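Step one of this worksheet: look at the structure below.
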Amino acid sequence: MADLRLRVVAGTVSAGLTLGVAELLAAFSGAGSAPLNALGSVVIDHTPDGLREWAIDTFGTNDKSVLYLIMGVVALVVAGLAGAVERPTRAVGSLLLTAVGVIAAGAAVARTSIASALPTVVGVAVGIYTLRVLTHRIESKSEAEKSSAFERRERGIQDGGSESGKPNDEATPVGAAPVPAASSATAVDPAQRGAAPERRQVLQGLLVAGGSAVVTGFGGRLLGARRRDVSGERATVRLPEPSAPAQPLAPGVDLRVPGLTPYLTANDDFYRIDTALIVPQVSKDSWSLRIHGMVDRELELTWADLADRPVEERLVTLACVSNPVGGDLIGNARWLGYRLDRLLAEAGPHADADMVLSHSTDGWTAGTPLSVLTDGRDALLAVGMNGEPLPVRHGYPARLVVPGLYGYVSATKWVTELEVTRFDRATAYWTRRGWSALGPIKTGTRIDTPRVRGRIEPGRRPIAGVAWAQHRGIRGVEVQIDNGGWQQARLAGEQSVDTWRQWVFDWDATAGQHTIRARATDGTGETQTAERRDVVPDGATGYPAVTIQVG
């Protein structure tokens with residue numbers, strides 16, 4: 001049992017050293033070449049929609065941290081198993097590490113280039129060598145212990161007698177000098193004396209391998225983060241003054257009701273849902289935007305080229321298609337950027353083109369109707385958010401912001417390409433997986449206060465929330481208490497049809513348990529549907545509801 005535990009530990013530290021060495025090399029070859037990052041990206045790409053939406057609904061923006069935790073647990077199990085089955089004459093554990101390494105290397109190559117397999121290949125080679133050495137030491141220790149135990153039985157030390165069972169003094173030949181008995185203070189168990197050096201070698205090997213795994217793993221991750229980090233560069237960026245600034249917030253736009261979401265969402269509170277396991281770090285000095293495909297003139301714009309173009313500031317609410325009814329995967333911000341219709345006009349899209357396939361630096365794509373980008377709405381190549389350069393996790397240095405469409409078909413972060421094409425010739429990341437190709441945002445609302453399953457005191461209490469129908473605006477919000485009639489809520493002022501709108505309903509709360517529902521009507525007069533539908537394939541529907549206890 002002791003040997004089995006040592007073998008499991010040997011497998012664990014060997015696998016840890018594999019990952020550590022790979023992380024260290026990935027600091028120079030790119031984060032995507034690290035085994036866990038490569039495997040995690042493949043998992044994200046191939047996760048079934050139902051499981052993916054459950055993870056987002058359960059863990060929200062912490063879904064990627066949970067994925068790392070799960071991968072870590074699986075890695076520990078596989079590593080322990082590899083150590084348990086490895087033997088000097090049977091390298092089964094080494095084959096297991098090799099198989100996992102081949103999968104990780106293949107995942108890295110599939111997302112980047114063949115050179116990205118190098119960190120995993122080298123890491124696996126070091127890990128297998130370490131596992132073999134540790135396995136031989138454990139085997140040597142085991143053999144030494146067996147040999148010492150055999151010697152102990154032969155000499156009869158364990159029970160103070162000879163092999164025949166007679167006392168040692170009786171077994172001494174006549175005339176021979178008696179063998180002095182070793183005192184209890186100086187006697188040494190031959191098993192311990194024979195196996196001690198081997199045991200020390202095993203423990204030393206485990207400590208060296210484990211320490212090296214920690215140093216290379218954490219050191220590689222920190223070195224890689226420092227080499228790629230663009231936060232320092234971002235802090236020095238001075239945004240251009242907008243030629244068309246956003247209008248100041250009108251009086252009454254923000255109701256400031258306790259518990260109600262602010263009209264503007266702070267950058268740190270803005271939701272982030274994407275497929276990037278590691279946030280891309282893109283320098284403005286190396287960034288460029290290529291506009292190509294079905295165009296008269298292919299363009300490639302650098303950060304310096306943008307300085308010669310007019311920049312505008314607009315308020316736009318973005319929403320994720322994975323937002324459940326009443327969910328918080330939605331936010332409103334002030335965006336600074338360059339009009340996409342003007343940039344596209346410079347390239348001259350062909351008359352038969354109907355889609356723009358936008359590419360992110362991490363390989364993600366979104367298909368946006370060309371008509372939406374050129375119909376006069378404030379679709380932007382955004383470089384600023386709420387008065388500062390885009391946060392790195394929200395797309396620095398540039399991203400797309402398109403009013404009226406869910407993010408999966410429009411809001412490409414770290415954007416590098418706009419490919420003008422057709423829907424019947426190209427498919428984007430999520431449409432290949434069965435999601436709707438167009439993705440217009442549905443009319444919706446959310447109850448922010450009172451909170452679900454909360455408790456309040458009887459009396460005059462506010463029911464408040466936000467409603468949205470980007471690029472159509474909100475005409476009204478109604479509230480229903482239990483199964484009573486629908487009653488009109490009071491709307492905040494309307495700043496823009498492209499942003500959400502706050503609302504409040506003053507309720508005379510009576511004692512007991514109550515269920516509160518809400519529904520919104522957009523600027524075209526269409527009221528959101530009561531039909532309850534999941535987010536797949538084009539966004540959730542239904543009335544948000546909270547159940548609370550009064551008194």
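This is a predicted model, so every value here is computed, not measured. Just so you know, residue 1 is the first one in the sequence shown, and it goes up from there.
- Using cut-offs of 30° and 60° for the angle between ring planes, the W500 and W468 rings count as tilted.
- Salt bridge R342/E312: present, at least one basic N to carboxylate O contact under 4.0 Å.
- Proximity of a side-chain donor or acceptor of T58 to a complementary backbone N or O of A55 within less than 3.5 Å is not detected.
- Side-chain atoms of D305 and T302 include a donor-acceptor pair closer than 3.5 Å.
- Ionic pairing of D378 and R339 is present here: one or more N-O contacts between side-chain nitrogen and carboxylate oxygen are shorter than 4.0 angstrom.
- Counting only heavy atoms from C-beta outward, the side chains of L97 and L131 approach each other to under 4.5 Å.
- Proximity of a side-chain donor or acceptor of T112 to a complementary backbone N or O of V109 within less than 3.5 Å is not detected.
- Annotation: cation-pi pair R272/F270 absent, no NZ/CZ under 6.0 Å from the ring centroid and within 45° of its normal.
- A cation-pi arrangement is present between R52 and W430, with the terminal nitrogen or guanidinium carbon under 6.0 Å from the aromatic centre and inside a 45° cone about the axis.
- With hydrogens and angles left out, the side-chain atoms of S14 and T130 include no donor and acceptor closer than 3.5 Å.
- Residues satisfying the salt bridge (Lys or Arg N to Asp or Glu O under 4.0 Å) test with D534, not counting sequence neighbours, are none.
- Evaluation of the salt bridge (Lys or Arg N to Asp or Glu O under 4.0 Å) test over residues 59-75, restricted to residues two or more places apart or in two chains, returns K64-D274.
- Using a 4.0 Å cut-off between a side-chain N of Lys or Arg and a carboxylate O of Asp or Glu, E86 and R132 qualify as a salt bridge.
- With hydrogens and angles left out, the side-chain atoms of Q470 and T317 include no donor and acceptor closer than 3.5 Å.
- Using the six-membered ring where Trp is involved, Y429 and W364 have ring planes that are tilted, between 30° and 60° apart.
- Here the side chain of T18 pairs a donor or acceptor atom with the backbone of G123 at under 3.5 angstrom.
- A donor-acceptor contact closer than 3.5 angstrom links the side chains of Y263 and T499.
- Within the 3.5 Å criterion, the main-chain N or O of P403 finds no donor-acceptor partner in the side chain of D498.
- In summary, the side chains of Y396 and Q281 do not present any donor paired with an acceptor at a separation below 3.5 Å, with no hydrogens or angles considered.
- The closest side-chain heavy-atom distance from V401 to L381 is not below 4.5 Å.
- Checking side-chain atoms of R314 against main-chain N and O of R334 turns up no donor-acceptor pair under 3.5 Å.
- Residue pairs that meet the salt bridge (Lys or Arg N to Asp or Glu O under 4.0 Å) test with at least one member in residues 7-36, sequence neighbours left out, are R7-E139, E23-R221.
- Judged purely by distance below 3.5 Å, without hydrogens or angles, the side chains of S33 and S29 pair a donor atom with an acceptor atom.
- Between the side chain of S243 and the main chain of V311, a donor-acceptor pair closer than 3.5 Å is present.
- With T449 contributing its side chain and L260 its backbone, the two residues share no donor-acceptor pair below 3.5 Å.
- Checking each of L67, L277, I70 against V43 for a side chain to side chain contact (heavy atoms under 4.5 Å, CB included) leaves exactly one that passes, namely L67.
- For the pair K442 and D538, the salt-bridge criterion is met [side-chain N within less than 4.0 Å of a carboxylate O].
- Under a 4.0 Å N-O distance rule, the pair R446/D448 qualifies as a salt bridge.
- Under the 30°/60° scheme for interplanar angles, the aromatic rings of H292 and H359 are found to be tilted.
- Counting only distance, with no hydrogens or angles, the side chain of D354 and the backbone of F423 share a donor-acceptor pair below 3.5 Å.
- Between R297 and E346 no salt bridge is recorded (no basic side-chain N to carboxylate O distance below 4.0 Å).
- Panel note: side chain E313, backbone P242; no donor-acceptor pair is recorded below 3.5 Å.
- R377 contributes no side-chain N or O that, together with a main-chain N or O of H471, makes up a donor-acceptor pair within less than 3.5 Å.
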